[in-house]
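Fair warning: this is a prediction, and the values are worked out from it, not measured in the lab.
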Amino acid sequence: MAEKTGLEALLEALKQSGADYDKGADSASDAKDGKDEKSTSSKGGGTDEPVRPEVVIPFGDKMAQWGKRALIIAALVFLLVIAGCYWWFHPPINIHSSDMWYFITIFILLPLFMFFHVRRQTYEKGTPKVKRNANKAKVFKGLSYVPVAIVLVGILGWIGSMPIFPGNAEKFAHVLQTDHLDFAEDIKEVNYSEVPIIDRNSAALLGNRTMGTIPEYVSQFEISPLYSQINYNNIPVRVSPLGYADIFKWWANRQNGIPAYVLVNMTTQDTNIVKLDEGGRGILYSTSEPLGRNIDRYIQLKYPFYMFDQKSFEIDDEGNPWWICPVKKFTIGLFGGQTISRVIMCDATTGECLDIPVEECPQWVDRVYPPELLIQQYNWSGAYMSGWLNSWLGQQGVVQTTPGTGGQVGYNYIAKDDDVWVYSGVTSATADNSIVGFVLVNQRTAQSHFYAVAGATEDSAMNSAEGQVQHLRYHATFPLLLNINNQPTYFMALKDDAGLVKMYAMLDIKRYQNVAVADTVSACQKAYTQLLITNGVLTEEDGAVQAGTLEASGTISHIAQAVVDGNSHFYVRLEGDSTIYDFALPGLLEIVVYQVGDSIAFTYFDVEEVYAAAEITSKTP
């Protein structure tokens, strides 16, 4: 028996696999003849080389020739891949979820379309293993239209969710119900114990610096960038959990979890690393977990039919860590009119969950509705209240929230009624440099209030405040809204290039040429009130009692000096009074001449535990 050449062996293998080898066989025959010619020519001294054939088998043709066993194996592999992809990407199983539509299109519909298309061609043309069959080709042709039809359903659902679709504009306009209230009656005069004087970036800077005080954590953990602003026992704070520094640190610490979280007081700038119970488990469910205890994956797989919006990290009144996971609901078409219908509260240490309606959310929870969603809902009402056509053609009565600065949405937070409210100015559709009022929306209940106040936008106020200290090149934070002597007022911190708060500014919203800046909050408030009196906004009688201040007098029983964050403070107690009064320098420099036994009279701000003095009203002893 003659020994087979390598080419003949290859063709035989292809033949057994069902590949189309006829052409290759002809080429092999030609090559064999050429080899014989070469052999003959070689004897005669010829040098011609034979041309070797190229055998190309497209993957689609090869897949078309698979038998039943191969198809079953391929189907099982396909299902395993889909299951793995679902576990990793965990899209909601909900027809209103755009993530689900993307997942189905990419991982299911596209492969099915390719499979049906190839099988159709197989039965139309036939192969060595599959005979031509017009009926089956017609069936697979019909099946190939099914994925396309499903995608078209999604596209039609998206179109039906747009405001331009008949009847939708009115629905968008009423997703958020807003009441019109009077500013002076509804917004209480400022209480400086509830005024966050630093922004998120400053809070993050303070928190990151505090990590240096716990060297046992520094090499293993880092602070999460979340920094959720909440009201903790009626004090505005930002809270953020620690996170694993990298995958290796997670592997070493995954058993006991994350041991602490960061708490930044937004009024006093005090920062603490709050350790969880010693000996107990820490935060096991977090965003830094890579696998099953990743909070996004854990919650979604536990509630596969829910669509979740932006999750937030909060602590209850006892300081226990929780994840607040709002459940999205679409009220217009497939993807329009988003709101929040339920809340999943997940204990960050145990993973136990509570599934409750929004209306039953406990008082200590502050962040149910994401601020971006509330701003969007208000903009829907401002744009579509008079119909879709008016929103872009006539634009009569069309308003929107102020655009903010640096490409960021323009909003801030206000502590009110033990809740956190989102604040933003409201301007006309042309987005000029003035506001027609401002809106406050409760993040827990979505209760919305509008206050008609004409004045400067936040961006204009920031530029005005920075102009007062342009020689120092300080940068203003996004303003807060305060009620000072019944006057709507912007309050801003002025920071240096390192992100440290150096000064404070107050600006009259209605008459934004009235700007006061000072080194301390009390000095700034005093200068601002005097400025309003000077410009005729307040009378002397109105300004005599500064907003948020009380009076005290007596004999000094104790006086002590301390340095806090590089600034000198004198702490004073009066006879028969257990209260500690804080005199900050250089704003209250005259305190340095007072001693124990001297009589003193002053005004102070009503804050917690340590009361901040505003002005010394008695004569120097």
Item to check | Partner set under salt bridge (charged side-chain N to carboxylate O under 4.0 Å, His left out) for Glu289, not counting sequence neighbours | outcome: Arg293
Checklist outcome for this item: With Phe491 as partner, the option from Leu507, Val521, Asn412, Leu481 fulfilling side chain to side chain contact (heavy atoms under 4.5 Å, CB included) is Val521
Checklist entry - Counting heavy atoms not belonging to Gln177, are there more than 12 under 6.0 Å from its CD? => result yes
Next on the checklist: Any donor-acceptor pair under 3.5 Å linking the side-chain atoms of Thr349 with those of Asp347?
Outcome noted: yes
Next on the checklist: How about NZ on Lys329, more than 12 heavy atoms from neighbouring residues, nucleotides or ligands closer than 6.0 Å, or not?
Outcome noted: no
Checklist entry - Is it true that Lys495 and Asp199 make a salt bridge, defined as a side-chain N closer than 4.0 Å to a carboxylate O? => result yes
Item to check | Parallel, tilted or perpendicular: ring planes of His569 versus Tyr571, cut at 30 and 60 degrees | outcome: parallel
Checklist entry - Does one side chain, of Glu551 or Thr603, offer a donor that lies under 3.5 Å from an acceptor on the other? => result no
Checklist entry - Roughly how far, to the nearest 0.5 Å, is the CD atom of Gln376 from the OH atom of Tyr369? => result 14.0 Å
Checklist entry - Ala493: what forms a side-chain contact (heavy atoms from CB on, under 4.5 Å) with it, not counting sequence neighbours? => result Thr477, Val501, Tyr504
Checklist entry - Can the ring centres of Trp421 and His449 be said to be less than 6.0 Å apart? => result yes
Item to check | Tyr528 and Thr489: side chain donor to acceptor below 3.5 Å | outcome: yes
Next on the checklist: So that I can tick it off, tell me whether Arg444 and Asp419 are bridged by a salt bridge, with the cut-off set at under 4.0 angstrom between side-chain N and carboxylate O.
Outcome noted: yes
Checklist entry - Looking only at side chains, do Asn265 and Thr267 share a donor and an acceptor under 3.5 Å apart? => result yes
Checklist entry - Cut-off 3.5 Å, side chains only: do Asn253 and Gln220 have a donor facing an acceptor? => result yes
Next on the checklist: Which residues pass the side-chain contact (heavy atoms from CB on, under 4.5 Å) test with Leu574, not counting sequence neighbours?
Outcome noted: Ile556, Val572, Asp577, Tyr581, Ile600, Phe602
Item to check | Modelled atom types, side-chain donor and acceptor of Asn208 and Glu222, under 3.5 Å | outcome: no
Checklist entry - When you measure from the centre of the six-membered ring of Trp323, is the NZ or CZ of Lys311 under 6.0 Å away and within 45° of the axis? => result no
Checklist entry - If you draw a 6.0 Å radius around CH2 in Trp251, do more than 12 non-hydrogen atoms from other residues or ligands fall strictly inside? => result no
Checklist entry - Testing Tyr451, Tyr490, Phe450 for ring pair (Phe, Tyr, Trp, His ring centres under 6.0 Å) with Phe438, which one passes? => result Tyr451
Next on the checklist: Does this structure show an ion pair linking Asp497 with Arg473, if we count only N-O contacts that are shorter than 4.0 Å?
Outcome noted: no
Checklist entry - Under 30°, 30 to 60°, or over 60°: which ring-plane class applies to Tyr411 and Tyr413, parallel, tilted or perpendicular? => result perpendicular
Checklist entry - If you take all heavy atoms of Arg238 and Ala203, which pair is closest and at what distance? => result CD-CB, 3.8 Å
Checklist entry - Taking the six-membered ring for Trp, are Tyr298 and Tyr285 parallel (under 30°), tilted (30 to 60°) or perpendicular (over 60°)? => result tilted
Item to check | Contact summary for Asn485 and Glu189, nearest pair of heavy atoms | outcome: CA-OE2, 4.0 Å
